[in-house]
Amino acid sequence: MSDDASFTLEDGRKRAAEAPYTFFLPSPAELAAIGPGDAVKLIFVHRLPVEEWESERMWVKVVKVDGDRLVGELDNIPDEKSSPLRPGDRVEFGRHNIISVQFRDPETKPEPYGGNLRTYWDR
């Protein structure tokens with residue numbers, strides 16, 4: 001969702017569907033509560049040739065929320081040496097791209113799944 005041609009952002013829902021027992025996403029309530037100052041983790045997929053890592057999970061600090069469109073600043077140093085991304089770079093994304101959240105104020109964090117988080121899975 002960013003204008004930067006050097007990367008795309010992965011849809012976290014796809015990864016979660018492929019690995020439902022090991023890849024967990026924030027709840028709808030957590031996604032809805034994200035605001036400026038919160039940190040979110042996104043999966044960046046490099047479009048340019050890379051030396052080592054085709055994709056990286058990196059933190060972005062949210063600076064603006066407009067419905068389902070969010071704007072943030074990269075809050076990571078990429079591990080991929082050839083990446084043109086730098087801390088502070090502007091990143092535009094959607095809630096579907098978010099794979100993890102760290103709320104600026106833990107008191108504002110909603111109860112995930114209404115407190116009904118499953119601790120086991122049916123086989």
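- For the residue pair Pro84 and Asp89, the shortest heavy atom distance occurs at O-OD2, 4.0 Å.
- Cluster membership for Leu70 and Leu31, using ILVMFWY side-chain heavy atoms within less than 4.5 angstrom, is shared.
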- Task: Step by step, work out the side-chain contact (heavy atoms from CB on, under 4.5 Å) result for Ile99 and Leu42.
- Result: CA-CA 6 Å; Ile99 62 169; Leu42 310 175; over 6 Å; no

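- Scanning both residues, Ser27 and Glu30, for their nearest heavy atoms gives N-OE1, 2.7 Å.
- Met58 and Leu74 make their closest contact through CB-CD1, 4.0 Å (heavy atoms, listed as atom of the first residue, atom of the second, distance).
- Among residues two or more places apart in sequence or in another chain, the side-chain contact (heavy atoms from CB on, under 4.5 Å) test is passed with Glu107 by Asp105.
- Shortest non-hydrogen contact noted between Glu80 and Glu51 is OE2-N, 2.9 Å.
- Hydrophobic cluster membership of Val71, counting Ile, Leu, Val, Met, Phe, Trp and Tyr whose side-chain heavy atoms lie under 4.5 Å apart directly or via other members: Val63.
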- Item | Working for side-chain contact (heavy atoms from CB on, under 4.5 Å), residues Phe7 and Val45 | CA-CA 5 Å; Phe7 69 91; Val45 181; over 6 Å; no

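- For residues 52-67, the side-chain hydrogen bond (donor to acceptor under 3.5 Å, both in side chains) pairs, not counting sequence neighbours, are His46-Glu56.
- Distance check, rounded to the nearest 0.5 Å: CG of Asn76 to NZ of Lys41 gives 8.0 Å.
- Checked against side-chain contact (heavy atoms from CB on, under 4.5 Å), Ala33 has the following partners two or more places apart in sequence or in another chain: Phe103, Pro110.
- Sorted by first and then second residue, the salt bridge (charged side-chain N to carboxylate O under 4.0 Å, His left out) pairs with a member in residues 5-22 read Glu10-Arg15, Asp11-Arg13; sequence neighbours excluded.
- Annotation: side-chain contact (heavy atoms from CB on, under 4.5 Å) contacts of Pro36 (sequence neighbours excluded): Val65.
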